[in-house]
2 protein chains.
Amino acid sequence: MAKNEARRRALADAGLEVLAREGSRGLTHRAVDEAASVPAGTTSNYFRSREALIAGLVDRIGERLAPSETDLAARAGAEPSPELFADYLRDIVRRLTAEREVTLALFELRLESSRRPELAAVLGAWQRAGFEADVAFNTGAGLPGGAREIALFHYAIDGLLLDRLTNPIDPGTSTDEVVDALVAGLLPRD
Amino acid sequence: MAKNEARRRALADAGLEVLAREGSRGLTHRAVDEAASVPAGTTSNYFRSREALIAGLVDRIGERLAPSETDLAARAGAEPSPELFADYLRDIVRRLTAEREVTLALFELRLESSRRPELAAVLGAWQRAGFEADVAFNTGAGLPGGAREIALFHYAIDGLLLDRLTNPIDPGTSTDEVVDALVAGLLPRD
DNA sequence: GGGAGACTACAACAGATGTTGTGGTTGCGC
DNA sequence: GCGCAACCACAACATCTGTTGTAGTCTCCC
């Protein structure tokens, strides 16, 4: 049993890279070894089976996409307004677009979870927790909109990201403009 | 060279089934043979390489998800209104949710196209054509909203479908309600 | 009914992949 | 210095996969 956590994280990161670059099909122990520049067999030592490897990637993606302390602090400070909400949203989208690799890997994992119950449990719980945190922040900040409205934003942002990271149907409009239009439409007035 | 079109379609359908059920990783010639209940090697005869197989699936998905004649006729008949627009949208979402298999396969292919330029070209063109048809219908029907607004609907609907087909974050709200909320928010007033 | 051409079943092979085992090395407590 | 346990590199194996080739079968037109 391997326990070196730093190396484990490095391997998981390499795995996410492979997943984004080559897709679920290319995600093999050996490919991760190569991406991480470690001797062949190392990934097999840390993640004994392919299933374990995927589970490791899910854990790691949770770490990578968790809001940082500074983000949370910034959120807590300012006073609520639709403009602020739009600011946050633009930031999130910008970050996820920049972390293209992780975001694409997350889409892969979400699809994978549609056919692996044990993955669905872990990933679903993580997603729902994030969603509920968003709702809590929103209501806590005195912004309009409850769970339903926040869910709408999740749907739209997910679809937007998928579009922008693959084949944009409307490349003429900037991503920020799209986000603003979404906020204008979906955030309840007052 | 094989030319039996009916069998070719049957194989492509089986391929989409495999793609949805097992993911990109499980999509192999032999798996398609099995799903289609044909002797091993048949899929290899029709789709000489894995790439050709994927291209075949894209073609087939275009056929499967094209709006039917009757749909188009129904669209052409009625007089435009936001309610009608919502009706259409609910129908589309219902249909894509029911054809879970094809929709999931399409998501797989979209992700795959993010790393296969030749796939991106075909799939991207198909997507953009569908998008432009939606825009044309919308403006032709005298409904408010141009390309930008229709794009918002595409994003939101895609995200909604992905959510509903994998791990719904807000199972309490019915899909129809979500669509209605989207129309209420995103369709320009008058 | 016979022959040409298309279609199909099946075999074969090289390379990739998941998984397990086996030694060797390293670092740490005593 | 010594032993122990954790960690690591590497080899090996059976299985799966993509791809190609070949021979058999069917169909349809003359």
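Given the structure is predicted, the values throughout are model-derived calculations rather than measurements. All values below were derived from every heavy atom in this structure, side-chain atoms included, with hydrogens, water molecules and symmetry-related copies excluded. Chain naming here is simple, since letters A, B, ... match the order of the sequence lines and numbering starts at 1 in each.
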Review point. Would a 4.5 Å heavy-atom cut-off, applied to side chains only, mark A:V178 and A:V93 as touching?
Key: no
Notebook entry, point to check: Is there a side-chain contact between B:I150 and A:D170 (heavy atoms, below 4.5 Å)?
Noted result: no
Ordered by number, residues from residues 33-40 of chain B within less than 4.0 Å of DNA chain C (heavy atoms) are B:P39, B:A40
Those residues at least two apart in sequence (or on a different chain) that pass side-chain contact (heavy atoms from CB on, under 4.5 Å) with B:R30 are B:T28
Inset, instruction - Evaluate the criterion side-chain contact (heavy atoms from CB on, under 4.5 Å) for residue pair A:E51 and A:L119; output intermediate values, then yes/no. - result: CA-CA 9 Å; A:E51 218 168 303; A:L119 217 176; over 6 Å; no
Sorted by number, residues from residues 106-123 of chain B placing a heavy atom under 4.0 Å from DNA chain D are none
Across all chains, not counting sequence neighbours, the salt bridge (charged side-chain N to carboxylate O under 4.0 Å, His left out) partners of B:E99 are B:R64
| said: Contact between B:I92 and B:V179 at the side-chain level, heavy atoms closer than 4.5 Å - yes or no? | reply: no
Residue pairs meeting salt bridge (Lys or Arg N to Asp or Glu O under 4.0 Å), one or both in residues 141-169 of chain B, sequence neighbours left out, come to A:E177-B:R148, B:R110-B:D158
Compute the centroid of each ring, for B:F153 and then for B:F85, and state whether the two points are separated by less than 6.0 Å.
yes
Given protein heavy atoms under 4.0 Å, the one-letter contact record of nucleotides 17-28 of chain C, with B base, S sugar-phosphate only and - none, is simply BBBBB-------
Could you tell me whether the phosphate oxygens of C:dA6, OP1 or OP2, come under 4.0 Å of any side-chain nitrogen or oxygen in B:R7?
no
Item to complete: Flag yes if more than 12 heavy atoms outside B:E118 fall under 6.0 Å of its CD atom; otherwise flag no.
Response: yes
Practice prompt. Apply side-chain contact (heavy atoms from CB on, under 4.5 Å) to B:R94 and B:D176, showing your working.
Written response: CA-CA 8 Å; B:R94 219 171 287 152; B:D176 279 354; 3.3 Å; yes
